[in-house]
Amino acid sequence: MEPILRMEGISKAFPGVQALDRVDFEAYAGEVMALVGENGAGKSTLMKILSGAYQKDAGRIYLEGKRVEIQDPYHAQLLGISTIYQELNVTFNQTVAQNIFLGRELKRKGILGSLGFVDRKEMERRAGEILKMLGANIAPNEFVKNLSVAQKQLVEIAKALSFKAKIIIMDEPTSALGSEEVEKLFEVIKQLKDQGIAIIFISHRLEEVFKIADRITILRDGKLVGYMKKEEATIDKSDLSNG
Ligand SMILES: Nc1ncnc2c1ncn2[C@@H]1O[C@H](COP(=O)(O)OP(=O)(O)OP(=O)(O)O)[C@@H](O)[C@H]1O
Ligand SMILES: [Mg+2]
């Protein structure tokens with residue numbers, strides 16, 4: 001099976017630090033690939049390159065075998081790559097539906113057939129559908145600022161699905177969640193897998209990685225240490241722990 005994502009020879013330097021040094025990384029549809037390593041190993045940098053937030057210095061990225069140059073975060077989303085941020089960026093009063101469709105507001109035909117008003121009802125209906133599918137008990141017309149961290153994550157996931165994401169990046173999604181919320185997130189992750197989505201899951205918590213991941217990629221000081229299927233994992237845990 002061809003990986004849905006393949007990153008080859010990715011390098012990235014910041015002043016004074018080689019954050020990534022010729023790193024290879026791949027992920028398969030319908031699987032959870034965990035990305036682990038100590039603080040500063042380069043995990044977030046690798047994912048920021050994938051999500052278009054940073055530009056790589058060197059390397060190649062292939063989606064379903066086709067080479068892509070990811071321009072910026074919006075381009076990444078259009079390519080089917082979505083990132084679940086820990087905190088939604090909400091700078092003004094925004095409803096769940098507005099957040100999900102931000103920048104892509106559905107328009108209703110105005111008088112004389114011109115594309116006129118934002119179709120709030122239709123956006124709420126579609127947002128509600130996706131949230132319901134995720135088992136999220138969140139009203140589409142609720143203000144985002146009133147949601148818990150876990151609920152905001154679900155809104156982000158709903159947004160990813162509305163972009164028809166094929167790859168969803170979760171960078172330490174559990175760090176601000178309680179254990180019950182983590183369980184719920186894992187249920188949602190299983191559902192996303194069943195839909196054929198590739199999940200990239202970054203966590204410092206080994207128990208979580210072993211619970212949810214199908215494969216594990218390990219970075220250390222910007223270099224690929226190795227990757228393995230979970231069943232094969234006989235890992236020196238010092239590679240994974242927090243410093
Ligand atoms: N925007 C930036 N400017 C300068 N240096 C950066 C920047 N982003 C990351 N770095 C550096 O690049 C290296 C890799 O950082 P990165 O955040 O990718 O690590 P990480 O594996 O995600 O670590 P953590 O587990 O702490 O989140 C570190 O040395 C970090 O200080
Ligand atoms: Mg990080």
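Whatever order the structure lists them in is the order used to number ligands and atoms, beginning at 1.
In this structure, the separation between OG on Ser11 and CG on Asp57 is 7.0 Å, given to the nearest 0.5 Å. Interatomic distance, NZ of Lys193 versus CD1 of Ile212, reported as 6.5 Å (0.5 Å rounding).
Looking at ligand 1, you'll find an N or O of Gly40 within less than 3.5 Å of one of its N or O atoms. Taking any N or O of Gly37, backbone or side chain, none lies under 3.5 Å from an N or O belonging to ligand 1. Below 3.5 Å of separation, one finds no N or O of Phe14 facing any N or O of ligand 1.
When all heavy atoms of Arg215 and Glu31 are compared, the closest pair comes out as NE-OE1, 2.7 Å. The shortest non-hydrogen separation linking Ala27 to Pro3 is O-CB, 3.4 Å. Closest approach of Arg6 to Glu26, counting heavy atoms only: NH1-OE1, 2.8 Å.
Looking only at atom types and distance, the side chain of Glu124 has no donor-acceptor partner in the side chain of Asn141 under 3.5 Å away.
Within 6.0 Å of CG in Asp221 there are 12 or fewer heavy atoms belonging to other residues, nucleotides or ligands. Few gaps surround NZ on Lys56; more than 12 heavy atoms of other groups in view lie less than 6.0 Å from it. The number of heavy atoms from other shown groups lying within 6.0 Å of CZ (Arg22) does not exceed 12.
Only protein N, O or S atoms were considered, and those under 2.8 Å from the Mg ion (ligand 2) are Ser44 OG.
Each of the atoms 19 (O), 20 (P), 21 (O) of ligand 1 lies under 4.0 Å from some heavy atom of Ala41. Of all atoms in ligand 1, numbered sequentially from 1 with element shown, those under 4.0 Å from a heavy atom of Thr45 are 9 (C), 14 (C), 15 (O), 16 (P), 18 (O). Here is the list of ligand 1 atoms found below 4.0 Å of a heavy atom in Val17: 29 (O).
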For residues 183-192, which side-chain donor-acceptor pairs fall under 3.5 Å, sequence neighbours excluded?
unit_1 : atom_1 : unit_2 : atom_2 : d
Glu183 : OE1    : Lys211 : NZ     : 3.3
Glu183 : OE2    : Lys211 : NZ     : 2.6
Gln191 : NE2    : Met133 : O      : 2.5

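Salt bridge absent: Glu156 and Lys152 never bring a charged side-chain N and a carboxylate O closer than 4.0 Å.
Under 4.0 Å from ligand 1, the heavy atoms of His204 that appear belong solely to its side chain.
Compare Met47, Glu172, Gln18 by their heavy atoms: the one nearest to atom 27 (O) of ligand 1 is in Glu172. Among Lys43, Lys48, Glu38, the residue whose heavy atom sits closest to atom 25 (O) of ligand 1 is Lys43. When the options Asp221, Asn39, Leu20, Leu35 are ranked by their closest heavy atom to atom 26 (O) of ligand 1, first place goes to Asn39.
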